[in-house]
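Below is one structure, written out as structure tokens; the observations come after it.
Numbered from 1 within each chain, the chains take letters A, B, ... in sequence-line order. For the numbers below, each heavy atom of this structure counts, side chains included, while hydrogens, waters and symmetry mates do not.
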Amino acid sequence: QLQLQESGPGLVKPSETLSLTCTVSSVSISSNSYYWGWIRQPPGKGLEWIGSFYYSGSTHYNPSLKSRVTTSVDTSKNQFSLKLSSATAADTAVYYCARNPYGELSQFDYWGQGTLVTVSS
Amino acid sequence: QSVLTQPPSVSGAPGQRVTISCTGSSSNIGAGYDVHWYQQLPGTAPKLLIYANINRPSGVPDRFSGSRSGTSASLAITGLQAEDEANYYCQSYDTSLSGSVFGRGTKLTVL
């Protein structure tokens, strides 16, 4: 059964870079033609798509975040990562990683449990 | 303000049928892009409920069904159960925003 697990600091200072890693189990992120993605949810609010990407480089980001988002893949560790620069309080949210089989037009079928990141001094 | 509009809340008694609407426009649902639905129980990650408008992943009860018509989509839940009390989100693709979008969510209360 495919499993995803987010990890990273739970507290980030304003203006610093928010960095998270997603570890994937049971499926190699490079062995199938799947996309992977990040979604976030501010406390008490709805879901926001951050971006979707293929392990070999194709990326698609939310235009509202694109200038601050970077994603990367480490196939040797079966992990992918998110970096969000110049963090502000508005970036405080639960961050989820998920499988996005066919890219941003498709569903997110497997999700991590989520990790809360608070941006505060 | 999301480009996909959902009612903030719906409610129903156990055993009843409820529907949750997701209204879009010609740049998303109306353009033919698929709609997907998620259930989010309190304190947990969203769970895929319906994908590509009408399809249920393995393990999702057939009490849940989806449909799409024109610029809207709907999620129907029959035989309401107390465990169905959750937030429900629709998702699609929007050409104007050039990305995936979620509705703001609908809170289902089982009376």
Side-chain angles (χ1 to χ4, degrees), chain A residues 1-7 20 22-24 34-54 58-69 71 93-117, chain B residues 1-9 20 22 27-29 31-60 66 68 73 75 86-107:
Chain A
Q1 174 78 347
L2 173 61
Q3 291 184 317
L4 301 96
Q5 177 71 57
E6 305 87 352
S7 60
L20 295 173
C22 181
T23 301
V24 179
Y34 294 132
Y35 279 69
W36 304 88
W38 289 97
I39 305 99
R40 69 181 183 179
Q41 184 173 34
K45 296 187 178 180
L47 301 167
E48 180 181 32
W49 172 69
I50 298 172
S52 300
F53 53 92
Y54 190 60
S58 174
T59 58
H60 304 272
Y61 298 141
N62 187 324
S64 70
L65 300 170
K66 187 174 183 177
S67 63
R68 300 194 291 129
V69 169
T71 54
V94 175
Y95 285 75
Y96 297 100
C97 59
R99 192 177 75 168
N100 188 209
Y102 312 113
E104 71 272 25
L105 274 70
S106 71
Q107 68 276 18
F108 295 92
D109 55 1
Y110 290 90
W111 295 63
Q113 65 185 30
T115 187
L116 174 62
V117 179
Chain B
Q1 191 81 5
S2 174
V3 296
L4 301 178
T5 301
Q6 297 182 236
S9 63
I20 298 173
C22 177
S27 65
N28 41 69
I29 300 174
Y33 292 105
D34 287 335
V35 178
H36 320 291
W37 291 91
Y38 302 86
Q39 177 193 60
Q40 187 176 32
L41 298 171
T44 69
K47 169 191 171 184
L48 180 65
L49 211 55
I50 298 288
Y51 67 96
N53 310 309
I54 61 171
N55 300 287
R56 281 186 310 276
S58 174
V60 173
R68 184 187 74 177
L75 172 71
N87 287 311
Y88 293 83
Y89 295 90
C90 61
Q91 177 219 342
S92 187
Y93 180 85
D94 189 275
T95 56
S96 298
L97 298 178
S98 298
S100 186
V101 291
F102 289 91
R104 298 188 72 176
T106 297
K107 179 174 175 57

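Contact annotation: the side chain of A:Leu4 never approaches that of A:Tyr96 to less than 4.5 Å [non-hydrogen atoms, C-beta and beyond]. In this structure, A:Tyr54 and A:Thr59 have side chains that are not in contact, with every pair of non-hydrogen atoms separated by 4.5 Å or more. Looking at B:Phe102 and B:Tyr38, their side chains come closer than 4.5 Å, going by heavy atoms from C-beta outward. The side-chain heavy atoms of A:Trp38 and A:Glu6, taken from C-beta on, include a pair separated by under 4.5 Å. Residues B:Ile50 and B:Arg56 meet the side-chain proximity criterion, which asks for heavy atoms closer than 4.5 Å.
When only modelled atom types and interatomic distance are considered, B:Thr106 and B:Asn87 share no side-chain donor-acceptor pair under 3.5 Å.
Atom CG of residue B:Asn53 and atom CD1 of residue B:Ile29 lie 8.5 Å apart, to the nearest 0.5 angstrom. Put simply, OH on A:Tyr95 and CZ on A:Arg40 are 4.0 Å apart, with the number rounded to the nearest 0.5 Å. Note: B:Asn28 CG to B:Asp34 CG = 12.0 Å, rounded to the nearest 0.5 Å. Between the CG atom in B:Leu97 and the OG atom in A:Ser64 there is a gap of 8.5 Å [rounded to 0.5 Å]. Atom NZ of B:Lys107 and atom OG of B:Ser9 lie 9.0 Å apart (nearest 0.5 Å). In this structure, SG in A:Cys97 is found 8.0 Å from CD1 in A:Ile39, a value given to the nearest 0.5 Å.
Of the listed residues (B:Gly99, B:Gly105, B:Ser100), the one with the most heavy-atom contacts under 4.5 Å to chain A is B:Ser100.
Listed for the A:His60 side chain is no donor-acceptor partner under 3.5 Å among the backbone atoms of B:Ser98. With B:Arg68 contributing its side chain and B:Gly32 its backbone, the two residues share a donor-acceptor pair below 3.5 Å.
Interface with chain A: from residues 88-96 of chain B, residues B:Tyr89, B:Gln91, B:Tyr93 qualify, criterion being any non-hydrogen pair under 4.5 Å. Below 4.5 Å, heavy atoms of chain A meet heavy atoms from B:Gln40, B:Thr44, B:Ala45, B:Pro46, B:Leu48, all part of residues 39-48 of chain B. Interface residues of residues 107-115 of chain A toward chain B, defined by a heavy-atom distance below 4.5 Å and sorted by number: A:Gln107, A:Phe108, A:Asp109, A:Trp111, A:Gly112, A:Gln113. Taking 4.5 Å as the heavy-atom cut-off, the residues of residues 43-53 of chain A that approach chain B are A:Lys45, A:Gly46, A:Leu47, A:Glu48, A:Trp49, ordered by number.
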A:Asn100 and A:Ser106: CA distance, side-chain angles, deciding distance, side chain to side chain donor-acceptor pair (under 3.5 Å) verdict: CA-CA 6 Å; A:Asn100 188 209; A:Ser106 71; 3.2 Å; yes
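A pairwise comparison of heavy atoms in B:Cys22 and B:Leu4 identifies SG-CB, 4.0 Å as the closest pair. Closest approach of B:Asn55 to B:Pro57, counting heavy atoms only: O-CD, 3.8 Å.
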